[in-house]
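Nothing fancy with the numbering, it's 1 onward along the sequence.
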Amino acid sequence: MVKVVNLSQKRKLSMTKSARAIALETLIRVFRDGSYSNISLNNNLRGSRLSQTDRNFATRLVYGTIQYKIYLEYQLKGLVKTKLKEPYLKPLLLMSAYQIIFLDKVPNRATLNEANKLAKQFGGRHSSGFRIANGVLHALIRRGTILPDKIDSVKYLSVKASVPEWLVNYIITNWGEKRAASILSSINTPAKNSVRLSTLSDQKQTIAELKKLNFAPQDSKLASNELILSHGGVSTTPPFKEGKLTIQDEAASLVVEAFDFSGDEKVLDACSAPGGKTTQIAEYLPHGQVTALDIHEKKLRLVRQNANRMHVANRVVTKAMDARKVDQYFSGQQFAKILVDAPCSGLGLLRRKPEIRYTKSMKDLLNLQKIQLDILDHVSKILEENGELIYSTCTFAVEEDEKVVEIFLKNHPKFELRPFKLAKIESKTGMLKILPDSYGSDGFFIAKFVVRG
């Protein structure tokens, strides 16, 4: 007889899962199905009854295991003596190895006990996972960690930083071995909890509120109106809900600062979702308007939500459109400022989105370059004379950054780079590259073009 479990029973079962069970379930989906870690984890946490401490633990297990996947696989390689047929088993071993190696406050005994429980829970009564996990993890504890010989610097750095060899090679080729080691080390440090203060609010009052809420805000060394908080969770607080601040990386906030606003312009944000830069632009336009585009209407809802929360909805217009078709819809040169925060490989976000390192290839960089140039070509046709065009990416790939600028200028002789000075940093060339180890921020690239009058 088949046992029928109704929806309410299923919901109750999901809410009783442990932090490790939720982390393992998430990792299975990420490794097996290619799911986005943040979406899968959030979906799993949403149906749970975990305390905030346990939610934080599950989050750390997921992101830590993904971040150090290559390193952890190297630790297990000589210890796994059989093919891991069951889909839960490799993620379980990786997650358990992560705890043993990186989480000093978690006793090995607890990790082993919980791994055994999870093997029984996910594998069933007749699974061999319990025996395999037990043997492999005990062997890892006895042997300790290992690394390749430093003579092969690419292999060594690849395993140590848990970054694919092609990307290690790429970084060494462009910035040298010493800088490569620094960059690779930096992407495995925790991302800062950075927020941008609204310029429309009383910033001193907001800072005082954050201090009362024990966020210990500190000024950013890179960007104005940016604060570094001691911990996360600010999105549940009154200052966030009231639109006094938004979550935005320091380097990302520099993009909008590169414009010279007068306050009454018509501005185009060609690739706007989720709207962080759109709302930042709108704050500078008391008598102007920003038109925010995205190819997906669903994503534009996020832009509108952010605009409402940040009290700039009356300055923002949204339109679902492929940025490569703007010149077909908008006639003539009607925008004084255009931002192209282009779709890119996201290599500058490796600290925040660790799975990116495993899903991108050199081919992706070249394919994205074509899209980026296509967008720039079309938006350039609707920019006013003496107008400003900012091109930005959250990647450090030369093919998507400097090479795009070079090709664009060659194909558009009326455009030229314009140096720009920000509150705490400047570009004398009209281009600014921020590598992940420069300020401990996301990696970012900004180029400022102007049309010759």
_Can you list everything that forms a ring pair (Phe, Tyr, Trp, His ring centres under 6.0 Å) with Tyr391? Sequence neighbours excluded, please._
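With neighbours one apart ignored, the set is empty.
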Donor-acceptor under 3.5 Å ([X] side chain, [Y] main chain):
{"X": "Thr65", "Y": "Val62", "result": "no"}
{"X": "Asp364", "Y": "Ser361", "result": "yes"}
{"X": "Lys448", "Y": "Ala258", "result": "yes"}
{"X": "Arg351", "Y": "Ser441", "result": "yes"}

*asked:* Is there a ring-ring contact (aromatic ring centres under 6.0 Å, His included) between Tyr284 and Phe259? Walk through the geometry before answering.
replied: CA-CA 10 Å; Tyr284 289 97; Phe259 283 113; 9.2 Å; no
Check this for me, if you would: do [X] and [Y] make a salt bridge, where the nitrogen-to-carboxylate-oxygen distance has to be below 4.0 angstrom?
{"X": "Lys403", "Y": "Glu406", "result": "yes"}
{"X": "Lys414", "Y": "Glu385", "result": "no"}
{"X": "Arg179", "Y": "Asp437", "result": "yes"}
{"X": "Lys155", "Y": "Glu165", "result": "yes"}
{"X": "Arg196", "Y": "Glu226", "result": "no"}

*Residues in side chain to side chain contact (heavy atoms under 4.5 Å, CB included) contact with Ala282, at least two apart in sequence or another chain*: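 For Ala282 the side chain to side chain contact (heavy atoms under 4.5 Å, CB included) partners, ignoring immediate neighbours, are Val290, Val312, Arg315, Val316.
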*Cation over ring face, Lys69 and Phe31, 6.0 Å, 45°*: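 Positive - Lys69 is close enough to the ring of Phe31 and near enough to its axis.
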*Are Arg309 and Phe240 in a cation-pi setup, meaning NZ or CZ lies under 6.0 angstrom from the ring centre and within 45 degrees of the ring axis?*
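Yes, cation above the ring, under 6.0 Å and within 45°.
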*Give, for atom CG of Leu92 and atom CZ of Phe122, the distance between the pair rounded to the nearest 0.5 Å.*
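Going from CG on Leu92 over to CZ on Phe122, the span is 8.5 Å.
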_Approximate separation, where rounding is to 0.5 Å, of Asp269 CG and Thr318 OG1_ =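 So the CG of Asp269 and the OG1 of Thr318 are separated by 11.5 Å.
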Within the 3.5 Å criterion, strictly below it, is a donor on [X] or [Y] matched to an acceptor on the partner's side chain?
{"X": "Thr393", "Y": "Glu400", "answer": "no"}
{"X": "Ser253", "Y": "Gln248", "answer": "no"}
{"X": "Glu283", "Y": "Thr199", "answer": "yes"}
{"X": "Tyr98", "Y": "Gln75", "answer": "no"}
{"X": "Asp377", "Y": "His412", "answer": "yes"}
{"X": "Arg352", "Y": "Asn38", "answer": "no"}
{"X": "Thr111", "Y": "Glu114", "answer": "no"}
{"X": "Asn306", "Y": "Thr279", "answer": "no"}
{"X": "Asp264", "Y": "Ser262", "answer": "yes"}
{"X": "Tyr358", "Y": "Ser162", "answer": "yes"}

*asked:* If you take the centroid of each ring, where Trp contributes its six-membered ring, are Phe396 and Phe445 closer together than 6.0 Å?
replied: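 No, the ring centres sit 6.0 Å or more apart.
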_For a salt bridge (charged side-chain N to carboxylate O under 4.0 Å, His left out) check, start with the C-alpha distance between Lys299 and Asp294, then their side-chain angles and the critical distance, and finish with the verdict._
CA-CA 7 Å; Lys299 289 186 177 181; Asp294 194 89; 5.0 Å; no
*Taking it one step at a time, do Arg20 and Gln99 satisfy side-chain hydrogen bond (donor to acceptor under 3.5 Å, both in side chains)?*
CA-CA 11 Å; Arg20 286 181 174 88; Gln99 294 170 73; 2.9 Å; yes
*Going by the side-chain contact (heavy atoms from CB on, under 4.5 Å) test, name the single residue among Asp327, Asp322, Val340, Leu373 that passes it with His378.*
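Single side-chain contact (heavy atoms from CB on, under 4.5 Å) partner of His378 among Asp327, Asp322, Val340, Leu373: Asp327.
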